[in-house]
Amino acid sequence: MARAPIAAILLSALAISGCGGSGGAQPNGQALFSQACSACHSLTGVESPKRQGGDLRAGRFSRAVMLQFAREMPVRRRLSEAELRRVADYVVSVERANR
């Protein structure tokens, strides 16, 4: 019986953080970037000494290069290939919108 409340709390937390929960929807590239990449990188156009990986907004990466870059990053939880593609697409779309 103790499992039901814990499971409900976890599902609620995942839904709030953008990690699923909404009818099986997958987190989008922005949510994935926020949870997996933003500790080291930003997309604001402003470099921060707190982020060792730097800002990616001014990059002019192709999707293929960004995808390979994302595959090589050290993250707490390895992203699936589909998640990596969503992150790469998101970063490239932000870069292109700011050219």
Side-chain angles (χ1 to χ4, degrees):
M1 288 217 177
R3 287 186 180 179
I6 292 171
I9 291 168
L10 288 173
L11 285 175
S12 181
L14 288 173
I16 290 169
S17 69
C19 300
S22 165
Q26 298 297 313
N28 65 24
Q30 183 176 10
L32 288 165
F33 181 89
S34 179
Q35 71 182 196
C37 310
S38 67
C40 296
H41 299 283
S42 62
L43 280 168
T44 62
V46 179
E47 291 291 338
S48 170
K50 294 181 180 182
R51 290 199 166 93
Q52 65 186 3
D55 188 78
L56 301 176
R57 187 173 181 174
R60 305 230 183 240
F61 302 108
S62 68
R63 182 181 186 271
V65 168
M66 180 51 62
L67 186 55
Q68 186 59 39
F69 181 71
R71 284 182 184 124
E72 296 172 6
M73 291 298 102
V75 292
R76 289 184 186 147
R77 178 188 68 83
R78 183 166 293 290
L79 301 177
S80 70
E81 192 62 27
E83 290 171 325
L84 288 166
R85 285 192 302 269
R86 288 195 299 270
V87 168
D89 288 343
Y90 170 66
V91 172
V92 169
S93 73
V94 170
E95 290 173 347
R96 289 183 180 155
N98 291 289
R99 287 187 182 170

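As a basis for the values below, the full set of heavy atoms in this structure was taken, side chains included, without hydrogen atoms, waters or symmetry mates.
- Under a 3.5 Å cut-off, the side chain of R51 and the backbone N or O of S38 do form a donor-acceptor pair.
- Although no hydrogens or angles enter the test, the distance criterion places no donor-acceptor pair under 3.5 Å between the side chain of R71 and the main chain of L84.
- E47 places no side-chain N or O within 3.5 Å of a backbone atom of G54 that could act as its donor or acceptor partner.
- Atom-to-atom distance recorded for M66:CE and L56:CG is 5.0 Å, nearest 0.5 angstrom.
- To the nearest 0.5 Å, the span separating CG on L67 from CD on E81 amounts to 5.5 Å.
- If you take CD on E95 and OG on S62, they are separated by 9.5 Å, rounding to the nearest 0.5 Å.
- No side-chain heavy atom of D55 sits under 4.5 Å from any side-chain heavy atom of V46.
- Nearest approach of F33 to V91, heavy atoms of both residues: CD1-CG2, 3.7 Å.
- Summarising the geometry of C37 relative to V87, their closest heavy-atom pair is SG-CG1, 4.0 Å, with the distance given to 0.1 Å.
- Side-chain contact between M73 and H41 is present, with heavy atoms from C-beta onward closer than 4.5 Å.
- N28 places none of its side-chain heavy atoms less than 4.5 Å from the side chain of Y90.
- Among residues two or more places apart in sequence or in another chain, the side chain to side chain donor-acceptor pair (under 3.5 Å) test is passed with Q30 by none.
- We find that R77 and E83 are joined by a salt bridge, their nearest charged nitrogen and carboxylate oxygen being less than 4.0 Å apart.
- In this structure, the side chain of R57 engages the main chain of T44 through a donor-acceptor pair within 3.5 Å.
- When all heavy atoms of A88 and R63 are compared, the closest pair comes out as CB-O, 4.4 Å.
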